Structure formats: structure tokens, C-alpha cells
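Take a look at the structure below.
Please read these numbers as outputs of a predicted model, since none were measured by experiment. In what follows, residues are counted from 1 in the order of the sequence shown. Just so you know, ligand 1 is whichever comes first in the structure, and atom 1 is the first atom listed for that ligand.
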Amino acid sequence: MSMVQVSEKGIFGAGETEFGGSYVSEELQQALDKLDAAFTHYRDDEAFEREFHYYLREYVGRPNPLYFAERLTRELGGAKIYLKREDLNHTGAHKINNTVGQVLLAKRMNAKRIIAETGAGQHGVATATVCAMFNIPCTIYMGEVDTKRQALNVFRMRMLGAEVIAAKSGNRTLKEAVDEALMDYAANYEDTFYLLGSAVGPHPYPLMVRHFQSVIGREAKAQCLEKEGRLPDLITACVGGGSNAIGLFYPFVDDEGVRIVGVEPAGKGLDSGVHAAPLCTGKPDIIHGFKCYVMEDAENCHSIAAGLDYPGVGPEHSYYKAIGRADYVPVGDEEALQAFLHLSKTEGIIPALESSHAVAYAMQAAPRMSPDQIIIVSLSGRGDKDVAQVYDMLRAREGELQEA
Ligand SMILES: *Cc1c(COP(=O)(O)O)cnc(C)c1O
């Protein structure tokens with residue numbers, strides 16, 4: 001029996017360790033029940049599974065390599081570091097695994113349109129991509145402030161044929177985009193599919209996203225057994241909502257000898273309050289329709305990596321923390337930036353700033369381990385999208401140095 005206890009309603013654990021579930025309006029619950037019934041049916045359907053794997057192979061480019069980072073390993077002088085190369089997927093990150101899975105489910109449910117919300121735009125682009133490929137109309141909600149900050153991603157989504165709607169209420173960022181998308185969904189769920197981008201939200205989303213992202217961990221496990229003849233000692237991934245992390249972790253969760261470490265963005269430091277690390281500092285609470293660890297001061301939510309900037313976290317990570325199956329550690333903006341630069345120089349791989357958090361942790365852990373031990377890092381995405389941001393930050397520093 002698996003050590004992960006989860007009910008049919010998506011409730012992980014019980015009592016003190018209870019997370020997940022569904023806390024939404026009656027209309028939304030109807031929509032979620034219909035989605036849950038479809039997911040429960042198709043997750044075990046052979047034809048569905050075959051089609052999913054067809055597109056993962058032919059469109060996404062899977063399996064991607066489990067790459068031995070030889071120079072980085074040698075330089076650190078400890079455990080062997082392997083990188084699971086989600087950055088080599090079509091569109092450059094793990095998000096496409098989940099959007100392909102959900103769009104196939106939407107087709108099976110005869111949805112006429114797909115909606116999604118996006119913060120920095122990465123999930124919006126991944127959604128618009130699969131909607132273009134499957135020829136389904138697509139509407140993306142994005143806070144008006146974010147549409148200005150990420151104008152190029154808005155253009156990308158429009159190029160892919162999506163309609164982008166700027167949410168103009170409140171702070172005009174992700175929260176307002178979520179509110180408007182949920183209103184649309186509650187009103188139109190008969191023919192509309194809400195495509196969620198991470199392992200968060202009310203049931204069945206966390207289990208569904210885990211299902212589609214678990215291909216990461218299943219591949220990594222088989223590849224590690226093939227290359228090394230044994231399981232890794234440590235697996236690690238960055239945690240925003242937690243989808244690339246749960247995708248890597250879940251297939252290893254019952255392997256007791258495998259240590260699991262999730263890396264949360266500590267931003268400007270846990271003490272500063274300016275971070276996005278609910279598992280390291282938060283308390284159990286309800287956010288966006290489900291129970292999880294939530295940051296005390298969500299208004300200060302920040303990370304150098306826009307994709308990690310979320311005040312809550314997936315319920316399954318909350319549960320792993322509560323039962324002690326995984327550890328969650330903080331890595332700040334500056335350490336992530338240094339790992340971004342270092343991996344680029346030593347391996348010729350420019351990682352996403354999100355992924356750089358996990359790389360930074362692996363660089364701390366490896367020298368404390370022995371050369372016959374193995375670490376697997378989820379390299380969730382490529383860093384091309386972050387190059388301009390890093391350029392501006394380093395230039396501003398040079399400016400500071402010259403003035404000083
Ligand atoms: C969106 C994103 C993340 C964070 O999302 P999770 O659901 O926590 O995986 C991490 N890395 C990259 C490259 C992303 O685009």
C-alpha cells in the first residue's frame with residue numbers, strides 16, 4: 001500500500017495532516033464533479049493513455065535525457081549530479097506535459113473552448129500552444145499589470161491564436177485573473193474546460209496535474225536504474241505550486257531510501273517576509289478553494305523567478321511536509337542567480353530562474369555527500385526567457401559599483 005493516503009474527494013491525510021479537498025461555491029462544485037468523473041474514467045482508459053503518450057513523444061519530444069552533469073559533479077567533489085532535462089521539451093519547460101494531458105481530456109469531454117489564467121504568462125503560452133495544435137478556441141485571463149510587464153508573452157499567446165483578457169479589478173495581477181477565470185467557468189462550464197497550470201486548486205486538479213506530470217519521475221527512475229543500476233539517494237525540485245516537483249517525487253514516494261527535498265523561493269530572505277515560501281514559514285489555511293500551507297503575508301509574495309511567486313502550495317506537498325516524507329528548504333534570489341550563472345558556465349546549460357533554485361540546493365548538498373551517491377535535480381525549464389531580466393540586474397549592479 002502506498003504511504004500517500006488520499007480520499008476519493010482529494011483529501012490528503014486526516015486531522016492535523018489534512019490538506020486538499022474542495023471549498024468552492026455550489027455552481028463551481030458542479031463543474032468540478034463533472035471534471036472529476038471524466039478524469040476518473042479516462043485516467044484508466046487505455047486509448048486515452050496511448051494518445052497522451054503519443055503526443056508526449058511526437059510533440060513534446062519525450063523521453064528527455066537524464067543528463068550526468070560531469071563537470072559540475074567533479075568540481076563539487078561529492079555526489080553525482082544528474083539533471084532531468086525538462087528544459088528540452090517543446091516550449092522549454094515541464095508545463096507542456098500537463099497542458100497536453102488536460103487538452104486531451106477537454107476533447108473527450110467535448111469542450112468547445114478552453115480558459116486559463118496566467119501570471120507571468122508561461123502557463124498561458126503553454127495552454128495557447130496546445131489549443132493551437134488541437135484547434136480549440138482559447139481565452140487566457142491575465143492581470144492588466146502583468147500584461148504590461150510581460151507584453152512579449154501576451155503577443156506570443158495572440159500569435160498562437162488565443163484571446164487574452166486583461167483583468168482590471170483590484171491589484172490587476174494574478175489573483176484578479178483567477179477570480180475572472182473562475183467566474184467565466186462557473187457561468188459556462190457546460191461547454192468550457194478550465195485548464196489549471198500547477199498541482200494546486202480544488203479537487204480533482206492536484207491529482208490530475210500529478211497524474212500528467214508523473215511522467216517526469218517515472219522516466220527519471222527508469223533512466224537512473226539503467227545508468228546506475230540503483231535508485232538515487234536524493235531527488236530535488238523547485239516548488240512554486242509544486243507540479244514539476246510532485247511529478248518527479250510521486251513515483252519515488254514509497255522508495256524509503258530516497259530522500260526528497262523541495263526547494264522554496266526564499267526571495268530576499270525568510271526573515272524579510274519578502275519571499276514565496278509557505279511550506280518553510282506558513283500555516284495551514286484555505287486559499288483558492290483548497291487547504292494547504294499559506295504564507296502569513298501574501299501581499300509580500302515575491303521571487304526572482306516569476307513562476308514561483310505563489311502564496312500557497314500544492315496540498316500533496318503540504319501533506320508530505322506534515323507526515324515528514326519530504327523536507328522543504330529555502331533558497332533565496334541571490335543564491336538562485338549565482339546557480340543560474342554557474343550552471344551556464346560549467347555545463348553550457350542556461351536554466352530557468354525557477355529551476356536554478358533546485359540547482360543551488362544540489363550544489364550545497366553534493367559536497368556533503370559521498371562520490372558513490374546520486375542526486376537527481378528537476379531542471380524544470382530553460383533560462384532563455386530570463387536572460388533579459390538577468391542582464392538588467394547585472395547591469396544595474398555594475399552601475400551601483402561604478403557610483404560607489
Ligand atoms: C511555472 C514554472 C515552475 C513552477 O511551477 P511548479 O508548478 O511549481 O512546477 C517551475 N519552473 C518553471 C520553468 C516554470 O515555468
Side-chain angles (χ1 to χ4, degrees), residues 60 64 83-99 101-102 116-129 142 146 150 153 156 174 195-201 205-217 235-250 261-265 276-279 288 290 292-293 301 303-318 320 326 328 331 336 339-340 343 349-361 377-387 389:
V60 176
N64 56 42
L83 306 175
K84 183 58 179 155
R85 298 291 306 273
E86 295 302 306
D87 62 314
L88 294 178
N89 295 343
H90 176 48
T91 68
H94 69 291
K95 286 196 173 73
I96 193 88
N97 304 323
N98 170 53
T99 51
Q102 287 195 46
E117 89 291 331
T118 194
Q122 287 147 246
H123 174 56
V125 171
T127 302
T129 299
M142 191 169 183
D146 293 329
Q150 302 288 341
N153 273 340
R156 244 181 221 123
L174 182 61
L195 207 161
L196 200 64
S198 189
V200 295
Y205 284 105
L207 290 177
M208 185 161 73
V209 175
R210 178 187 82 186
H211 180 72
F212 294 134
Q213 290 292 5
S214 290
V215 65
I216 301 173
I235 59 177
T236 187
C238 65
V239 179
S243 70
N244 88 92
I246 209 68
L248 176 65
F249 297 171
Y250 182 65
V261 178
V263 183
E264 287 201 306
L279 290 165
H288 299 148
F290 68 105
C292 66
Y293 280 89
C301 189
S303 167
I304 189 174
L308 299 180
D309 188 343
Y310 182 60
V313 65
E316 191 159 351
H317 291 292
S318 302
Y320 287 6
Y328 293 88
V331 161
F340 175 96
L343 192 70
I349 296 171
I350 303 176
L353 281 170
E354 289 83 359
S355 324
S356 300
H357 288 73
V359 173
Y361 172 71
V377 184
S378 171
L379 205 74
S380 55
R382 66 179 180 226
D384 305 48
K385 67 181 179 57
D386 301 317
V387 168
Q389 180 189 344

Between S303 and D309, a side-chain donor and acceptor under 3.5 Å: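 Result is no, nothing qualifies.
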ring-ring contact (aromatic ring centres under 6.0 Å, His included) with F340: which residues, sequence neighbours excluded?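 In terms of ring-ring contact (aromatic ring centres under 6.0 Å, His included), with neighbours along the sequence ignored, F340 is linked to no residue.
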Quick one: does any side-chain atom of H357 pair with a main-chain N or O of L353 as donor and acceptor, under 3.5 Å?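 Indeed, once roles are kept as given, a pair shorter than 3.5 Å links the two residues.
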Report the residues that fulfil side chain to side chain donor-acceptor pair (under 3.5 Å) with N97, sequence neighbours left out, ordered by chain and then residue number.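 By the side chain to side chain donor-acceptor pair (under 3.5 Å) rule, N97 matches R62, E86, Q213.
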Check the pair E117 / L196 against side chain to side chain contact (heavy atoms under 4.5 Å, CB included), numbers first and verdict last. CA-CA 8 Å; E117 89 291 331; L196 200 64; 3.9 Å; yes
Applying salt bridge (charged side-chain N to carboxylate O under 4.0 Å, His left out), name anything that partners K385, two or more places apart in sequence or on another chain.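 Testing K385 for salt bridge (charged side-chain N to carboxylate O under 4.0 Å, His left out), a comparison that skips the adjacent residues, returns E354.
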Ligand 1: protein residues within heavy-atom distance under 4.0 Å: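 Close residues (ligand 1, cut-off 4.0 Å): H94, K95, Q122, S198, C238, V239, G240, G241, G242, S243, N244, G307, L308, A352, E354, S380, G381.
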